[in-house]
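Note sheet for the following structure.
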Amino acid sequence: MARHLITSAIPYINGIKHLGNLVGSQLPADLFARFQRARGNEVLFLCATDEHGTPAELAAAKAGKPVDEYCAEMWGIQAEIAKGFRLSFDHFGRSSSEQNRKLTQHFAGRLAAEGLIEEVTENQVYSNGDGRFLPDRYIEGTCPNCGFESARGDQCDNCTKQLDPIDLIDARSTISGSTDLERRETKHLHLRQSLMKDQLNDWIESKHDWPILTTSIAKKWLHDGDGLQDRGITRDLSWGVPVKKGDADWPGMEGKVFYVWFDAPIEYIACANEWTDAKGLSDADWQRWWRTDMGAQDVRYTQFMGKDNVPFHTLSFPVTILGSGEPWKLVDYIKSFNYLNYDGGQFSTSRGRGVFMDQALEILPSDYWRWWLLSHAPESSDSEFTWENFQSSVNKDLADVLGNFVSRVTKFCRSKFGEVVPDGGTWGAPEQALIAELTTRIRAYEGHMEAMEVRKSASELRAIWAAGNEYLQEAAPWSSFKTDPDQAAAQIRMALNLIRLYAVLSEPFIPDASAALMTAMQTDDDTWPDDVAAALGALPAGLGFTVPEVTFRKITDDEREDWQTRFAGVRD
RNA sequence: GGCGGUGUAGCUCAGUUGGUUAGAGCAGCGGAAUCAUAAUCCGCGUGUCCGGGGUUCAAAUCCCUGCACCGCCA
């Protein structure tokens, strides 16, 4: 039995994510996790919220709440929505956890001991009005170059000139508007990534089977310009993991915290510890997933993320892992995704453009979204969501091809044989041909799922559904019933078994519908069809079933038009 | 500005290391069937593979160049 450690990029805490975020990491990760579980493998699937940093502080301030309270609340909301989408995390953690605090400090201590951390004195802008240092992008003023009035501290959006915040005319804090700003010296820690450039390069170069998107982004950052740069890993903030060297204080770093990108990926590990703590398990139970000296040597670790997260996962986090000098599990495969666009433009969190996860669940059950998003996952390039495409895909694939198959089979059986798997008759050439085709297709499906070829998997699954309709058309039990009821019984018995088979195969994509079909067929036999012929005999003659309610309803033109206008505008 | 990505049928997209008449799903057209959520099944593609050069026996696929759209710039 293989062991799969699977993580999805952790979503930032300040608000509800849109469908583009969902399809770029959590959803395909869930697909893979569900598939591996269905194959009987051991899976630990983790995700969490990324909670630290200035945006969280500002969002909390805007909501009029203490930041920890705000984060706890938003975590609850995100966790609830994740459940709504049936994301099957073994644990949904928080980067602000005690476990992550300790582990982040531990890694910092190890990296310091390995000579990978450098203390650097910098000049940064301090706002007396806010009582804090301000990151460049929270400073605004008039551009000394072009006179643009709301140039940001790092760059003027009008003339694109790179700026130093101190050069801005009438510089002010965008947080409070205060103009009482000054330069202050402050000390920060830099992670010396550049020292590990060659090691990282060798590692990336060895990954021939990774998506080109992943390796090309990693190589760009490794080799662009002066090559991989060291990065500051601390900030003058209060909301974050306090800077410590393991358990020990870090002289000169009092009142500072680690920068989010340092502690966020460590949460992948800490999350496993949160999981064992929540379950009342021992440390050994999470370490066997994360420490190659404590049982993780046979673990295969796969990460899922959008392309914007690739640099952190291919370079920064590996520096933390490798640089620690300890036997932590390094990622084996990084599956990255391009962006999903919305109706001719980008999804926009700030402008409220597009469909957000909570809104999606308000208008349709999760299976509809899961199917469309996964079958259109932006794997090779950016892809696009349009309501027309969503409507036609969902109606055709789910309602017509799969849903109607279930309907026609169960209703025909009910009218001719009653709500029970009919007895009599035997398989002939059409059945053997069907088994042969399904065997070929199911093996292909498994291959694509194993390789995380999401779109290809969806397309193969759809073909497997269609094969049922093709078989019915050829067997025509409504016709054979008139002359040879036994033959019709064998044919419909086969068709009823196809429903169970489809439920098992489709579960990673559409878990709710799958469960409903299993219930309707009155079975809990979810054995994977390694032997297709045997799988098609799982429901024996005499077994009762119920005709399911409409498995997938259709999206009407009126609904589509309504949603189209509703989600084009601005979200409150 | 620098870097990167994308540009293939009306729509959404496949096209591995260059190699037979460039493919799938949807939409459209024609037919079959009537068990079913008017669903299903079968058949049907005269596409400047963004434009222009080049390499090659052979390019959607490699090189140069132009255009368009998009993203990133710590």
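Atom set for the values below is all heavy atoms of this structure, side chains included, hydrogens, waters and symmetry mates excluded.
In this structure, NE2 of A:His448 is placed 19 Å from P of B:rC13, rounded to the nearest angstrom. As rounded to whole Å, 10 Å separates atom P of B:rG25 from atom CD of A:Glu470. Distance CD (A:Gln491) to P (B:rC41): 17 Å, rounded to an integer number of Å. Between the CD atom of A:Glu379 and the C1' atom of B:rU12 there is a distance of 14 Å, given to the nearest Å. In this structure, CD of A:Gln229 is placed 16 Å from C1' of B:rC72, rounded to the nearest angstrom. The distance from atom CG of A:Leu402 to atom P of B:rA36 is 18 Å, rounded to the nearest whole Å. The CG-C1' distance, from A:Leu340 to B:rC13, rounds to 13 Å in whole Å. Atom CD of A:Glu474 is separated from atom P of B:rC42 by 10 Å (rounded to the nearest Å).
Under the Watson-Crick and G-U wobble criteria, each requiring two contacts below 3.5 Å, nucleotide B:rC44 is paired to B:rG28. In this structure B:rA58 sits in no base pair that meets the Watson-Crick or G-U test at under 3.5 Å.
For the P atoms, the distance linking B:rG52 with B:rA60 amounts to 13 Å, nearest Å. For the C1' atoms, the distance linking B:rG10 with B:rU46 amounts to 15 Å, nearest Å. Remark: the separation of the P atoms in B:rC64 and B:rC70 is 24 Å, to the nearest Å. Separating the P atom of B:rA32 from that of B:rC50 is a span of 40 Å, rounded to the nearest Å. Between the P atoms of B:rG19 and B:rC62, the separation comes to 11 Å (whole Å). A gap of 26 Å separates the C1' atoms of B:rG53 and B:rU17, to the nearest Å. Look at the P atom in both B:rG45 and B:rA22: the space between them is 12 Å, to the nearest Å. If you take atom P in B:rG23 and the same atom in B:rU48, they sit 16 Å apart, rounded to whole Å.
You'll find the ring centres of A:Trp210 and A:Trp203 inside the 6.0 Å limit. Centroid-to-centroid, the aromatic rings of A:Phe390 and A:Trp369 come within less than 6.0 Å. Ring-centre distance between A:Phe405 and A:Tyr502: below the 6.0 Å cut-off. Checked against the 6.0 Å centroid threshold, A:His313 and A:Tyr268 count as a close aromatic pair. Checked against the 6.0 Å centroid threshold, A:Trp261 and A:Phe317 do not count as a close aromatic pair.
Each ring-ring contact (aromatic ring centres under 6.0 Å, His included) pair with one or both residues in residues 416-449 of chain A, not counting sequence neighbours, appears once here: A:Phe417-A:Phe481.
A:Glu51 and A:Asn14 share no side-chain donor-acceptor pair at under 3.5 Å.
Taking for each of A:Val550 and A:Gln193 the nucleotide of RNA chain B with the nearest heavy atom, the 5'-most of the two is the partner of A:Val550. For the pair A:Asp400 and A:Ser459, both in contact range of RNA chain B, the more 5′-proximal nearest nucleotide belongs to A:Ser459.
Which of B:rU40, B:rC13, B:rC42 sits closest to the side chain of A:Asn404 comes down to B:rU40. The A:Arg455 side chain lies nearest to B:rC13 when the options are B:rU37, B:rU40, B:rC13. Taking every side-chain heavy atom of A:Ser383 into account, B:rC13 is the closest of B:rC13, B:rU37, B:rU12.
Taking side-chain N and O atoms only, A:Arg462 has a distance below 4.0 Å to OP1 or OP2 of B:rC26.
In this structure, A:Phe552 reaches the bases: a heavy-atom distance under 4.0 Å links it to at least one base atom across the strands shown.
Looking at A:Asp367 and A:Pro511, their side chains come closer than 4.5 Å, going by heavy atoms from C-beta outward.
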Acceptor/donor pairs from residues 468-479 of chain A side chains to any protein atom, 3.5 angstrom cut, sequence neighbours excluded:
unit_1	atom_1	unit_2	atom_2	d
A:Asn469	OD1	A:Arg408	NH1	2.8
A:Asn469	ND2	A:Val401	O	3.1
A:Tyr471	OH	A:Glu431	OE2	2.4

### Nucleic acid footprint by protein, nucleotides 27-35 of chain B - heavy-atom cut-off 4.0 Å, B for base, S for sugar-phosphate alone
-----BSSB

